[in-house]
Amino acid sequence: MKNPFNERRWKLALQVLLFVAAAGVTYYLVPHREKTDRHFEIGRPWEYELLTAPMDFPIYKLDEELKAERDSAMRDFAPYLVMDQSVGREMRTRVSRIAAKGRDERRAQEYLEGCLRKIYASGVIPLEAHKTMSEWKVKGVSVIGDDKIAREEPFANLFTIRSAYDYIMSGCENEGKIDAKALKKLSPEDYLKENVTVDTAKTEKAKAELMDQISPTQGVVQRGEKIIDRGEVVDRQTYKILRSLEILSEMEGKTETGGVSWHVVVGELLVIVVMYLLLASYFYLFRPKVFYSFRSLLFMLLMMVAVLAVASAVVRHTTLSIYIVPFAILPLVVRVFFDSRTALFLHLIMVLLASVMVSAPFDFMLLQIAAGMTAVSSLKDMNARSQLVRSAALIFLSYVAVFTGLEFMKGTSVEEFPWLVYVTFFLSAAMLLFAYGLIYICEKAFGFLSSVTLVELSNVNNSILMDFSEKAPGTFQHVLQVSNLAVEVAKKLDANALLVRTGALYHDIGKLFNPMLFTENQTGGINPLSEMPYEQAAQLVINHVVAGVKMAEKAGLPEQIIDFVRTHHGKTKTKYFYNSYKNKYPDKEVDESLFTYPGPLPQSVETAIVMMADVVEATSRSLPDHKEETIDRMVENLINGLIADGQFKDAPISFRDVETAKAVFKDKLKNIYHSRISYPELKKKEERKKLFTVTNKKEDEE
């Protein structure tokens, strides 16, 4: 026998392990670097207190300044090349040995030999080396010949094999004395070969020496010197000083091994652990079903970590704004499957964790919290795609409004507004539309049930319900009435009305297996059960629950809907056959299992509501009259009987909820069965005249 205590302890250990894993992944995602909490940009006011230099430190040049100085130095840099002069001699010798025929070929031979002398004297360099030096924008090169003496040559004089061939052919065309056909016949490309290579060692050494001459700093800030005060605009020089101070802080934060300092590690871990402890506490105290559901907890933590991973990738590996990440997709998706409070709390924890990654955490948190609140408020129940579009639009407007307010608070003029950020907000909001596909994926992967699916399943024009209405019309009318009654109760009890409607529509689907066994589908007063023993008839009726579960599973209905099929009779008895058996055989012992539904009992408020609505609606059809007193008495007796039988002991429904349900059932049934005015029959013309005369005579007498 299983020990419930041990099972609960193992579940708790598994949930704790999930949170530890999520916290570990989050720590890995956080960019581990020393960083200031001050955010500054050129042309923007300084938002913080007076800042003075805490020590003497150099002013580091900006990256673009260093790049410009290095590019300028490279223009005067002369790479070292090694020339093999024997290649030129060999190629000219080969040309001189050509047995030229005719005057044109001899002239072409002499011309080619002269061109090769010029080409190999300048040098033929490999194409890749030529491209590299072109990118460096070098003006000259140092060429080392056979005599080991370096001589300066203009870079423009160097040839590649392609440019050497073009040089030969273009010279032929320009002079006009050389027959191009005769020249091509000599195949000048066969005598072109690279004779210059790059001396990599000397070149890299010379380049490194040149780069070392460029100082990364420019000036010094002395300790105690004022840097900037609140409200002053950050100019280029001040920006360089602030950036230098930030670089110095990062350098001091590094340990000797090059890792991040221990206090940064401890600080990040503390923040992450506290956030996940708060999240775990919320689930444990206020959403225990979620906490002890591995599937639900895994879904929420995976969603949160996935969004944090995207944010980390944007911060670490791109220059994009952090606001391009659609953070509001988390509360949108979670809200579809869970409640608003859970969606918002999860979003708050995620935003607080993500704020550790960004440079302006206050602005970031204010914007994302506003977006999350808008997402939760605008998507109470997603029954159509248009609701997601509306939510995305409202989230975009909340971004715009809050960001504009923040900029005005900082004193930013309209001319200085960073308008490009609004484009980022629009793209982020547009990406929220992908939540529709994500909801479908999560629904299938984790076995959840969304409002969109419930709307599709409750459409009476779908194939299952159409088949239901054709093969079992009486039962179909019954489930429609049960659905209407149950929905009204669900609304009053603040239960999931859409789930109740859908579950009620399918709760009797098992009667499709043999619809003529049930009185609501019978015609002509023929009831096949009346000829059977009571036990057999009861078993056939009870079987509609088992058959319904099998049919629902085969049709691919969600597990949450199948629960309505399983539990709508709970463990009640088939009273008609049970009572009939007892009356017929008063002295015979009854095997009650033959007359009892297999269960289980309703496990939720929604399934309990459908059980009540089912028995009330079915019994109301057999009432001898539908007076108010009769309906009140019927509802009271039926639901009190269910309570007495313990049918609701596993459902989280209170006595107040039951009384509310009774009141709704009574009111709705009275409206359904209220008496109507009978229409008078149209009499013949002579009878109408006679009646008119009699009526007038009476009025005159009065």
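For the single chain, residues carry numbers from 1 onward in sequence order.
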Under 6.0 Å from the ring centre and within 45 degrees of the ring axis: does the NZ or CZ of Lys571 meet both conditions for the six-membered ring of Tyr597?
no
Aromatic centroids of Phe448 and Phe338 separated by under 6.0 Å
yes
Looking only at atom types and distance, does a side-chain atom of Asp339 sit under 3.5 Å from a main-chain N or O of Arg335, one as donor and one as acceptor?
no
Rounded to the nearest 0.5 Å, what separation is found between the CG atom of Asn579 and the CZ atom of Phe595?
10.0 Å
Hey, is CE on Met373 packed in by over 12 heavy atoms from elsewhere, all under 6.0 Å?
no
Checking Asp667 side chain against Ala663 main chain: does a donor-acceptor pair fall under 3.5 Å?
no
Taking the six-membered ring for Trp, is the centroid-to-centroid distance between Phe518 and His478 below 6.0 Å?
no
Does Ser312 reach the main-chain N or O of Leu29 with its side chain, forming a donor-acceptor pair under 3.5 Å?
yes
What are the two closest heavy atoms between Phe327 and Ala354, and how far apart are they?
CE2-CB, 3.8 Å
Are Thr660 and Asp657 close enough that a side-chain donor and a side-chain acceptor fall under 3.5 Å?
no
Heavy-atom pair with the smallest gap, counting every atom of His544 and Val541
ND1-O, 2.5 Å
Looking only at non-hydrogen atoms, find the nearest pair between Val334 and Ala343 and report the distance.
CG1-CA, 3.8 Å
Closer than 3.5 angstrom, by distance alone: can the side chain of Asn640 be matched with the main-chain N or O of Glu636 as a donor-acceptor pair?
yes
Treating Arg295 as the side-chain partner and Phe446 as the backbone partner, does any N or O pair qualify as donor plus acceptor under 3.5 Å?
yes
Other residues, nucleotides and ligands only: do more than 12 of their heavy atoms fall within 6.0 Å of OH on Tyr576?
no
Neighbour count above 12 (heavy atom, 6.0 Å) for Lys666 NZ
yes
Pair Thr342-Arg287, side-chain donor/acceptor within less than 3.5 Å:
yes
Go through Met431 and Ile329 one step at a time and tell me if the side chain to side chain contact (heavy atoms under 4.5 Å, CB included) criterion holds.
CA-CA 8 Å; Met431 283 190 280; Ile329 200 169; over 6 Å; no
Where do Asp508 and Phe468 come nearest, in terms of heavy atoms and distance?
O-CZ, 3.6 Å
Does either side chain, that of Asp563 or that of Thr607, offer a donor lying less than 3.5 Å from an acceptor on the other one?
no
For the pair Glu606 (side chain) and Gly503 (backbone), establish whether a donor and an acceptor sit closer than 3.5 Å, ignoring hydrogens and angles.
no
For Glu559 and Leu449, run side chain to side chain contact (heavy atoms under 4.5 Å, CB included): C-alpha distance rounded to whole Å, both residues' side-chain angles, the deciding distance at 0.1 Å, then the answer.
CA-CA 9 Å; Glu559 192 65 26; Leu449 189 60; over 6 Å; no
Side chain to side chain contact (heavy atoms under 4.5 Å, CB included) between Val400 and Phe396, intermediate numbers included:
CA-CA 6 Å; Val400 170; Phe396 170 69; 3.7 Å; yes
Measure from NZ or CZ of Arg341 to the centre of the six-membered ring of Phe286, then state whether that distance is under 6.0 Å and the direction lies within 45° of the axis.
yes
For the residue pair Tyr399 / Gln368, report whether a side-chain donor-acceptor contact shorter than 3.5 Å exists.
yes
Any side-chain donor near an acceptor of the partner, Gln647 and Thr572, under 3.5 Å
no
Would you tell me whether Ser450 and Tyr440 have side-chain atoms, one donor and one acceptor, within less than 3.5 Å of each other?
no
Please walk me through it: do Asn543 and Asn514 pass side chain to side chain contact (heavy atoms under 4.5 Å, CB included)?
CA-CA 10 Å; Asn543 187 60; Asn514 197 341; over 6 Å; no
Any side-chain to backbone donor/acceptor pair from Glu617 onto Leu485? Under 3.5 Å, distance only.
no
Can you establish whether the number of heavy atoms outside Lys662 located under 6.0 Å from its atom NZ is more than 12?
yes
Candidate pair Gln603 and Thr567, rule side-chain hydrogen bond (donor to acceptor under 3.5 Å, both in side chains), full reasoning
CA-CA 8 Å; Gln603 305 285 317; Thr567 63; over 6 Å; no
Evaluate the side-chain proximity of Thr619 to Ser622: yes if any heavy-atom separation is below 4.5 Å, no if none is.
yes
For Glu553 and Arg566: C-alpha separation, side-chain torsions, deciding distance, then whether salt bridge (Lys or Arg N to Asp or Glu O under 4.0 Å) applies.
CA-CA 12 Å; Glu553 289 174 344; Arg566 290 193 185 99; 3.7 Å; yes
Per side chain to side chain contact (heavy atoms under 4.5 Å, CB included), Gln15 is matched among Leu301, Leu298, Leu297 by Leu297
Side-chain donor or acceptor of His507 paired with backbone N/O of Ala504 under 3.5 Å:
yes
Nearest heavy atoms of Leu388 and Leu379, plus distance in Å:
N-CD1, 4.5 Å
Is a donor on one side and an acceptor on the other found under 3.5 Å between the side chain of Ser377 and the backbone of Thr374?
no
Tell me which pairs pass salt bridge (Lys or Arg N to Asp or Glu O under 4.0 Å) where either residue lies in residues 580-594, with sequence neighbours left out.
Lys573-Glu592
Nearest heavy-atom contact between Asn462 and Asn459 is ND2-O, 2.8 Å
